[in-house]
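First the structure, in the form of structure tokens, and then the observations on it.
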Amino acid sequence: MLIDTVAWVRVEAGRILCARPRGKDVFYIPGGKREGAETDLQTLVREIAEELTVALRPDTVAHVGTYEARDDAVTVRMSCYTAEYTGTLSASSEIEEMAWFGYGDREAVPPVDQLLFDDLAAAGLLR
């Protein structure tokens, strides 16, 4: 089974924004699954507005990379994008907690997110 997701990569001062959904124990890179025939951009803008109450600026969206990791019988594909935003970051009713993670927090995120952490650290963007 394949779970196809998009994620917003927001790095500030060597740390990446992560979110923990209500009812879950794990932090994730913010984003989610597409609905119907949504494009990556449409999914990203909708998911981030729903989760973090900010509006991504579509003219600033840039693809960072696409990662895949297998966990048991499930493969997760995560297409990652950076983007500028307007508004104030704040956890919505879907999100229990937001946190800024450094590379030392790598084990607190799922395997597919860990691949992104590795690339960001290798590029000197994550401390």
Side-chain angles (χ1 to χ4, degrees):
M1 181 172 134
L2 174 69
I3 298 175
D4 189 19
T5 66
V6 297
W8 181 41
V9 178
R10 183 68 189 184
V11 177
E12 294 180 11
R15 302 178 87 64
I16 187 167
L17 181 63
C18 293
R20 184 172 60 81
R22 283 201 191 287
K24 304 259 182 168
D25 296 332
V26 178
F27 279 86
Y28 299 90
I29 306 299
K33 296 180 248 181
R34 74 187 81 250
E35 292 179 356
E38 280 182 328
T39 65
D40 281 6
L41 176 61
Q42 290 167 328
T43 305
L44 188 68
V45 168
R46 177 184 52 75
E47 284 286 347
I48 298 310
E50 288 174 2
E51 292 180 2
L52 302 174
T53 72
V54 296
L56 295 185
R57 292 186 31 222
D59 59 315
T60 67
V61 172
H63 185 250
V64 174
T66 299
Y67 301 89
E68 280 192 20
R70 191 163 178 78
D71 194 10
D72 296 321
V74 176
T75 299
V76 177
R77 176 186 302 138
M78 182 173 71
S79 299
C80 299
Y81 298 87
T82 57
E84 296 303 315
Y85 68 93
T86 58
T88 302
L89 284 171
S90 137
S92 74
S93 59
E94 290 182 14
I95 301 299
E96 185 76 34
E97 182 180 3
M98 294 184 328
W100 293 91
F101 283 3
Y103 191 69
D105 301 305
R106 180 183 182 275
E107 296 302 316
V109 298
V112 72
D113 296 37
Q114 291 177 13
L115 298 174
L116 172 64
F117 273 50
D118 293 343
D119 278 1
L120 292 173
L125 297 172
L126 202 57
R127 293 189 253 153

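For reference, positions follow the sequence shown, starting with 1.
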Q: State yes or no: do Leu115 and Val74 share one hydrophobic cluster built from I, L, V, M, F, W and Y residues joined by side-chain heavy-atom distances below 4.5 Å, directly or via other members?
A: yes
Q: Determine, step by step, whether Tyr85 and Ile48 satisfy the side-chain contact (heavy atoms from CB on, under 4.5 Å) criterion, reporting the C-alpha distance in whole Å, the side-chain angles of both residues, the deciding distance to 0.1 Å, and the verdict.
A: CA-CA 10 Å; Tyr85 68 93; Ile48 298 310; over 6 Å; no
**Q.** Spatial distance of atom OG1 (Thr66) from atom CG (Asp40) [nearest 0.5 Å]
**A.** 7.5 Å
Q. Does the side chain of Asp118 come within less than 4.5 Å of Arg106's, by heavy atoms?
A. yes
Q) Can you hop from Val54 to Trp100 via hydrophobic side chains spaced under 4.5 Å? A) yes
Q. Do Val109 and Ile16 sit in the same hydrophobic cluster, where Ile, Leu, Val, Met, Phe, Trp and Tyr count as joined when their side-chain heavy atoms come under 4.5 Å apart?
A. yes
Q.
Working to the nearest 0.5 angstrom, can you tell me the gap between His63 NE2 and Leu41 CG?
A. 12.5 Å
Q: Quick one: list whatever passes salt bridge (charged side-chain N to carboxylate O under 4.0 Å, His left out) with Glu50, sequence neighbours left out.
A: Arg46
**Q.** Point-to-point distance, once rounded to the nearest 0.5 Å, from CG of Leu2 to CZ of Arg77
**A.** 4.5 Å
Q. Does Ser92 reach the main-chain N or O of Glu51 with its side chain, forming a donor-acceptor pair under 3.5 Å?
A. yes
Q.
I want to check something: taking the side chain as every heavy atom from C-beta on, are Thr88 and Thr53 in contact at a cut-off of under 4.5 Å?
A. no
(Q) Could you measure the distance from the CG atom of Asp4 to the CZ atom of Arg34? Nearest 0.5 Å is fine. (A) 4.5 Å
**Q.** Tyr67: partners by ring pair (Phe, Tyr, Trp, His ring centres under 6.0 Å), with sequence neighbours left out
**A.** none
Q. Can you say whether the rings of Phe101 and Phe117 are parallel (under 30°), tilted (30 to 60°) or perpendicular (over 60°)?
A. perpendicular
For a quick test of your reading: what N or O donor-acceptor pairs under 3.5 Å do the side chains of residues 21-32 make, sequence neighbours left out?
{"unit_1": "Arg22", "atom_1": "NE", "unit_2": "Ser93", "atom_2": "O", "d": "2.5"}
{"unit_1": "Arg22", "atom_1": "NH1", "unit_2": "Glu96", "atom_2": "OE1", "d": "2.6"}

Q: Output, in order, the C-alpha distance, side-chain angles, deciding distance and verdict of salt bridge (charged side-chain N to carboxylate O under 4.0 Å, His left out) for Arg20 and Glu97.
A: CA-CA 5 Å; Arg20 184 172 60 81; Glu97 182 180 3; 3.0 Å; yes
Q: Return yes if a side-chain donor-acceptor contact under 3.5 Å exists between Glu38 and Thr43, otherwise no.
A: yes
(Q) Please check this pair: side chain of Ser79 against backbone of Ala7, looking for a donor-acceptor N/O pair closer than 3.5 Å. (A) no
Q. Under the salt bridge (charged side-chain N to carboxylate O under 4.0 Å, His left out) test, which residues partner Arg15, sequence neighbours left out?
A. Asp105
Q: Look only at the side chain of Trp8 and the backbone of Ala83, and say whether a donor-acceptor pair between them is shorter than 3.5 Å.
A: yes
Q. Listed by chain and number, what are the salt bridge (charged side-chain N to carboxylate O under 4.0 Å, His left out) partners of Asp119, not counting sequence neighbours?
A. none
**Q.** Counterpart residues, salt bridge (charged side-chain N to carboxylate O under 4.0 Å, His left out), relative to Arg127 (two or more places apart)
**A.** none
